[in-house]
Q: 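Would you mind keeping the following structure in view while I ask a few things?
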Amino acid sequence: MIKSIWNKLYNEARRVQNDRVVSPFIEAGGVAAALLTKAGNIYVGVCIDTASTLGMCAERNAIANMITNGESQIDKIVAVMPDGEVGSPCGACREYMMQLDKDSGEIEILLDLESEKTIRLKELIHDWWGTGFKNS
């Protein structure tokens, strides 16, 4: 049986998820994310929590990894919470994703691994303020 892309993304996120203390001021890895780009590449990231609140969510870390590697179009994304369940991106991550591309509203987000229930980003961020922008 062929594994679904969601299982593959989930497993990639779990592979890098490792809750750890980096310093007295930084903890990382409690939440992990994996995304699939339109080009078919997978990028991962972990949350980085800092005492000064300048950290980042796992989703934005994965997106930064994607952008660092020259891509900007997400097809699918999954976030894995500390208990191993999947979770929906926070508001800041939703906004960040919407600003990537004119078609970002179509990004598919995993809500439940077992049933493979998903939602499109545009369903989570109604009446987005940037509607109508064009990619350069």
Side-chain angles (χ1 to χ4, degrees):
M1 180 176 179
I2 298 173
K3 277 189 180 181
S4 78
I5 188 61
W6 290 116
N7 278 314
K8 183 172 177 124
L9 290 172
Y10 178 87
N11 289 335
E12 285 297 307
R14 290 290 282 182
R15 181 180 58 78
V16 297
Q17 188 175 31
N18 175 20
D19 197 6
R20 60 205 173 268
V21 174
V22 175
S23 78
F25 309 104
I26 298 176
E27 293 181 12
V31 175
L35 64 83
L36 175 70
T37 66
K38 294 285 187 181
N41 295 307
I42 295 174
Y43 297 98
V44 296
V46 297
C47 66
I48 302 170
D49 298 311
T50 70
S52 62
T53 69
L54 294 176
M56 71 169 66
C57 296
E59 297 94 327
R60 280 182 279 151
N61 196 341
I63 293 166
N65 189 5
M66 173 189 71
I67 291 171
T68 298
N69 283 280
E71 294 190 65
S72 61
Q73 294 181 310
I74 300 170
D75 185 39
K76 300 176 181 342
I77 192 165
V78 61
V80 181
M81 302 299 122
D83 64 1
E85 295 293 318
V86 299
S88 185
C90 73
C93 289
R94 294 173 190 188
E95 179 65 31
Y96 196 77
M97 286 188 285
M98 282 299 285
Q99 292 186 32
L100 284 170
D101 183 77
K102 67 178 179 55
D103 297 322
S104 287
E106 297 302 320
I107 294 170
E108 197 173 9
I109 300 162
L110 185 65
L111 297 178
D112 181 72
L113 182 63
E114 187 175 325
S115 68
E116 294 192 350
K117 178 181 178 184
T118 64
I119 193 166
R120 300 276 177 192
L121 181 57
K122 66 185 176 186
E123 297 173 77
L124 293 176
I125 191 164
H126 301 283
D127 300 319
W128 183 60
W129 65 271
T131 301
F133 91 94
K134 308 282 189 252
N135 285 355
S136 49

Q: Does either side chain, that of Glu71 or that of Tyr43, offer a donor lying less than 3.5 Å from an acceptor on the other one?
A: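 Yes, a side-chain donor-acceptor pair sits under 3.5 Å.
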Q: What residues form a side-chain hydrogen bond (donor to acceptor under 3.5 Å, both in side chains) with Asp112, not counting sequence neighbours?
A: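 side-chain hydrogen bond (donor to acceptor under 3.5 Å, both in side chains) check on Asp112 returns Ser115.
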Q: Looking only at the side chains, is there a donor atom on one of Asn69 and Asn65 sitting less than 3.5 Å from an acceptor on the other?
A: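 Distance-only check passes for Asn69 and Asn65.
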Q: What distance do Leu35 atom CG and Glu59 atom CD have between them, rounded to the nearest 0.5 Å?
A: 9.5 Å
Q: Do you know which two heavy atoms are closest between Cys47 and Gly30, and how far apart they sit?
A: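 The pair with the smallest heavy-atom distance is SG-N, 3.5 Å.
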Q: For the residue pair Arg120 and Glu108, establish whether any side-chain heavy-atom pair is separated by less than 4.5 Å.
A: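 A side-chain contact exists here, since the closest heavy-atom pair is under 4.5 Å.
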Q: To the nearest 0.5 Å, what is the distance between CD1 on Ile119 and CG on Leu111?
A: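 If I round to the nearest 0.5 Å, the distance is 5.5 Å.
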Q: Considering non-hydrogen atoms only, spot the tightest contact between Arg14 and Val80 and give its length.
A: CD-CG1, 3.5 Å
Q: Honestly curious: do Ile63 and Met98 fall in one hydrophobic cluster under the side-chain, below-4.5 Å linking rule?
A: yes
Q: Spell out, as yes or no, whether a donor-acceptor pair under 3.5 Å connects the side chain of Asn61 to the backbone of Val46.
A: yes
Q: Would you indicate whether the side-chain heavy atoms of Thr118 and Trp6 approach each other to under 4.5 Å?
A: yes
Q: Roughly how far apart are Ile107 CD1 and Lys122 NZ, rounded to 0.5 Å?
A: 11.5 Å
Q: Of the non-hydrogen atoms in Val86 and Met81, which two are nearest, and what is the gap between them?
A: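 Closest approach of Val86 to Met81: C-CG, 4.3 Å.
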Q: Does the Ser104 side chain pair with the main chain of Gln99, one donor and one acceptor, at a distance under 3.5 Å?
A: no
Q: Start with the C-alpha gap between Lys76 and Leu110, add the side-chain angles, then the distance that decides, and say whether side-chain contact (heavy atoms from CB on, under 4.5 Å) holds.
A: CA-CA 8 Å; Lys76 300 176 181 342; Leu110 185 65; over 6 Å; no
Q: Can Asn7 and Glu116 be said to form a side-chain contact (heavy atoms from CB on, under 4.5 Å), step by step?
A: CA-CA 9 Å; Asn7 278 314; Glu116 294 192 350; 4.2 Å; yes
Q: Decide whether Ile5 and Tyr10 are clustered together by the hydrophobic rule: side chain heavy atoms of Ile, Leu, Val, Met, Phe, Trp, Tyr closer than 4.5 Å, transitively.
A: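 Ile5 clusters together with Tyr10.
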Q: Backbone N or O of Leu121 within a donor-acceptor pair of the Arg94 side chain at under 3.5 Å?
A: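 Not at all, since once roles are kept as given, no pair shorter than 3.5 Å links the two residues.
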Q: Is there a path of hydrophobic side-chain contacts, each under 4.5 Å between heavy atoms, that joins Ile125 and Val78?
A: no
Q: Minimum heavy-atom separation for Met56 and Arg60, please, with both atom names.
A: SD-C, 4.0 Å
Q: Would you kindly confirm whether Met66 and Val16 end up in one hydrophobic cluster when ILVMFWY residues are joined by side chain heavy atoms under 4.5 Å apart?
A: no
Q: Rounded to the nearest 0.5 Å, what separates atom OG in Ser4 from atom CG in Leu113?
A: 7.0 Å
Q: Is it the case that over 12 heavy atoms from other parts of the model lie below 6.0 angstrom from the CG atom of Asp127?
A: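 Result for CG/Asp127: open.
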Q: Taking the side chain from Gln73 and the backbone from Leu100, do they hold a donor-acceptor pair closer than 3.5 Å?
A: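 No, because the side chain of Gln73 does not come within donor-acceptor range (under 3.5 Å) of the backbone of Leu100.
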Q: So, do Ile109 and Pro89 sit near enough that their side-chain heavy atoms are less than 4.5 Å apart?
A: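 Yes. Closest side-chain heavy atoms under 4.5 Å.
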Q: For the atom pair CD (Gln17) and CG (Asn11), what is the distance rounded to the nearest 0.5 Å?
A: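 Taking CD in Gln17 and CG in Asn11, the distance rounds to 11.5 Å.
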Q: Of all heavy-atom pairs between Ala34 and Val44, which one has the smallest distance, and what is that distance?
A: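 The answer is CB-CG1, 3.9 Å.
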Q: Can you give me the closest heavy-atom contact between Ala62 and Ala33, atom names plus distance?
A: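 Closest heavy-atom pair between Ala62 and Ala33: CB-O, 4.2 Å.
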Q: Output the distance between atom NZ (Lys8) and atom CD1 (Ile42), rounded to the nearest 0.5 Å.
A: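 Taking NZ in Lys8 and CD1 in Ile42, the distance rounds to 4.5 Å.
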Q: Counting C-beta onward and ignoring hydrogens, is there a side-chain heavy-atom pair between Glu12 and Leu9 closer than 4.5 Å?
A: no
